[in-house]
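Some notes on the structure that comes next.
Both backbone and side-chain heavy atoms feed into the values below; hydrogens, waters and symmetry mates do not. Here is how names work: the chains are called A, B, and so on, in the same order as the sequence lines, proteins then strands, and each is numbered from 1.
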2 protein chains.
Amino acid sequence: MPVQTVQANKIGVFGSMSVTLDAQDRKILAALTRNARIPVAELARQVGLSKTPVAARIRHLEEIGLITGYRAILSPLKLGLTHVTYVEVSMHDTREQALQQFNAAVRAIPEVEECYMIAGGCDYLIKVRSRDMADFRRILAEKISVLPHISNTSSHVSMEAVVEQNFRLD
Amino acid sequence: MPVQTVQANKIGVFGSMSVTLDAQDRKILAALTRNARIPVAELARQVGLSKTPVAARIRHLEEIGLITGYRAILSPLKLGLTHVTYVEVSMHDTREQALQQFNAAVRAIPEVEECYMIAGGCDYLIKVRSRDMADFRRILAEKISVLPHISNTSSHVSMEAVVEQNFRLD
DNA sequence: CCTGAAAAATTATTCGC
DNA sequence: GCGAATAATTTTTCAGG
């Protein structure tokens, strides 16, 4: 059975609670986080168990939704997507309906890599990945600035990626 | 032979520059980005080619460094890491040596998920993932605030993740 | 709940065309 | 680049501690 069936999310009160993991589960997750294609046999060796319990643990971690999937990681550099810009967005309407309309619209923009609603001054922080400054200008003008209920935006261009997509397991 | 070797480098002569991809390569990357464990046979079906060229294309995409790896994706929620905070960091020394010392130090903090050097007012933008506010306070006090050459920090707490780790292939 | 090995299924590779 | 046969790898199963 393909693994992506794991992504059947059970969204609800009980399905979204955090889970306690033992040291071996953490080793399994650390290894799968480094390499999604590691064989269970090799994983078992690293964890210090036999294949059977390791396979069962992986299956369980998938079923409870802790492992949401397995993905290939691409080089933004090789894709020509070297420019990263953070856009602060202020809203002129922060009522629930307006926020949900904004959320839906921002999710439809493929160039938006991340977006968080922020407490305090600016209302949203959007991370945009683009080819270059001209590409970003187009994205800002055609996609970001036309988002619903926006009051104004402020862009902050990255000069260097110091840490990109780091993980934390402990 | 894959097409991209014909017109290999778009810009410049260096091996780290961007690559031109045909529609089939993009389909392969899109599929592997959704599911790293998809069998070559299934991938071939989706792309509209047979297994042989698809396997060769994947191998090539790995060799040129466009596919950098395959990783399991974990649910921050299930791990109890629901709090995201962006920390703006200003430096009191922006000479090259100071920046490199800062970069090395920030890379050693596991709770830092991302860090970009920013043009303009604040010098760095750091994304921190924590269990809760108390956990963040500890990280800020013990790990962020003690980074070398820092002048001051300003924290922006996320209230909602609207988009998390979205990809762009086109 | 784990072990270890045999069995079964799946997947990748190698050919001639 | 195709398709089938081959070869390799990986997962699953099961009796036993």
Side-chain angles (χ1 to χ4, degrees), chain A residues 1-8 14 17-75 78 169-170, chain B residues 1-9 19-75 78-79 169:
Chain A
M1 190 59 122
V3 186
Q4 64 271 33
T5 53
V6 168
Q7 295 177 342
F14 304 105
M17 298 210 292
S18 86
V19 176
T20 41
L21 304 165
D22 63 14
Q24 288 157 329
D25 281 331
R26 261 186 231 105
K27 280 187 185 176
I28 290 170
L29 292 174
L32 287 172
T33 283
R34 279 192 299 271
N35 175 20
R37 288 177 162 185
I38 187 174
V40 177
E42 169 60 16
L43 203 46
R45 199 192 57 75
Q46 287 183 22
V47 173
L49 289 172
S50 66
K51 289 163 18 174
T52 317
V54 171
R57 279 164 182 263
I58 295 170
R59 185 189 201 83
H60 182 243
L61 292 167
E62 290 169 350
E63 279 169 352
I64 64 175
L66 206 148
I67 297 173
T68 58
Y70 303 91
R71 299 205 295 220
I73 307 301
L74 311 184
S75 160
K78 300 277 177 173
L169 270 176
D170 58 303
Chain B
M1 190 67 103
V3 181
Q4 62 273 31
T5 51
V6 180
Q7 30 180 285
N9 288 331
V19 175
T20 42
L21 304 166
D22 63 16
Q24 288 156 331
D25 282 331
R26 260 186 233 104
K27 280 187 185 174
I28 290 170
L29 291 174
L32 286 172
T33 283
R34 280 192 298 272
N35 174 19
R37 287 176 165 188
I38 187 175
V40 177
E42 170 60 17
L43 203 46
R45 198 193 57 74
Q46 287 184 21
V47 173
L49 289 172
S50 67
K51 287 154 54 169
T52 318
V54 171
R57 278 163 182 264
I58 295 170
R59 185 190 198 83
H60 182 244
L61 292 167
E62 291 169 348
E63 279 170 352
I64 64 174
L66 205 149
I67 297 173
T68 59
Y70 303 92
R71 298 203 297 219
I73 307 301
L74 311 184
S75 160
K78 300 279 178 171
L79 286 168
L169 269 178

Exercise. Below 4.5 Å, heavy atoms only, C-beta onward: do L21(A) and L79(B) meet side chain to side chain?
Worked result: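 Touching, per the 4.5 Å side-chain cut-off.
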Exercise. What is the distance, rounded to the nearest whole Å, between atom CG of L43(A) and atom P of dT10(D)?
Worked result: 12 Å
For this session: Rounded off to whole Å, could you give me the CD1-to-P distance for the I58(B) and dG1(D) pair?
Result: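 To the nearest whole Å, that distance equals 13 Å.
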Exercise. At under 4.0 Å between heavy atoms, what does P53(B) touch on the DNA or RNA strands: base, sugar-phosphate, or nothing?
Worked result: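 Counting heavy atoms under 4.0 Å across all strands, the contact made by P53(B) is with sugar-phosphate only.
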Problem set entry | Polar side-chain atom of R71(B) near backbone of I73(A) as donor-acceptor pair, under 3.5 Å | no
Exercise. Quick one: do R45(A) and E42(A) make a salt bridge, cutoff under 4.0 Å?
Worked result: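 Between E42(A) and R45(A) there is a salt bridge, with a charged N closer than 4.0 Å to a carboxylate O.
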Exercise. Take atom CZ in R59(B); do more than 12 heavy atoms of anything else shown fall under 6.0 Å from it?
Worked result: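 It does not: R59(B) CZ has 12 such atoms or fewer within range.
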For this session: Report the C-alpha separation of R57(B) and L49(B) in whole Å, then their side-chain angles, then the decisive distance to 0.1 Å, and conclude whether the side-chain contact (heavy atoms from CB on, under 4.5 Å) test is met.
Result: CA-CA 11 Å; R57(B) 278 163 182 264; L49(B) 289 172; 3.8 Å; yes
For this session: Quick one, give me the B/S/- string for nucleotides 11-17 of chain C, reading 5' to 3', where B means a protein heavy atom under 4.0 Å from the base and S means that only happens at the primed atoms, P, OP1 or OP2.
Result: SBBB---
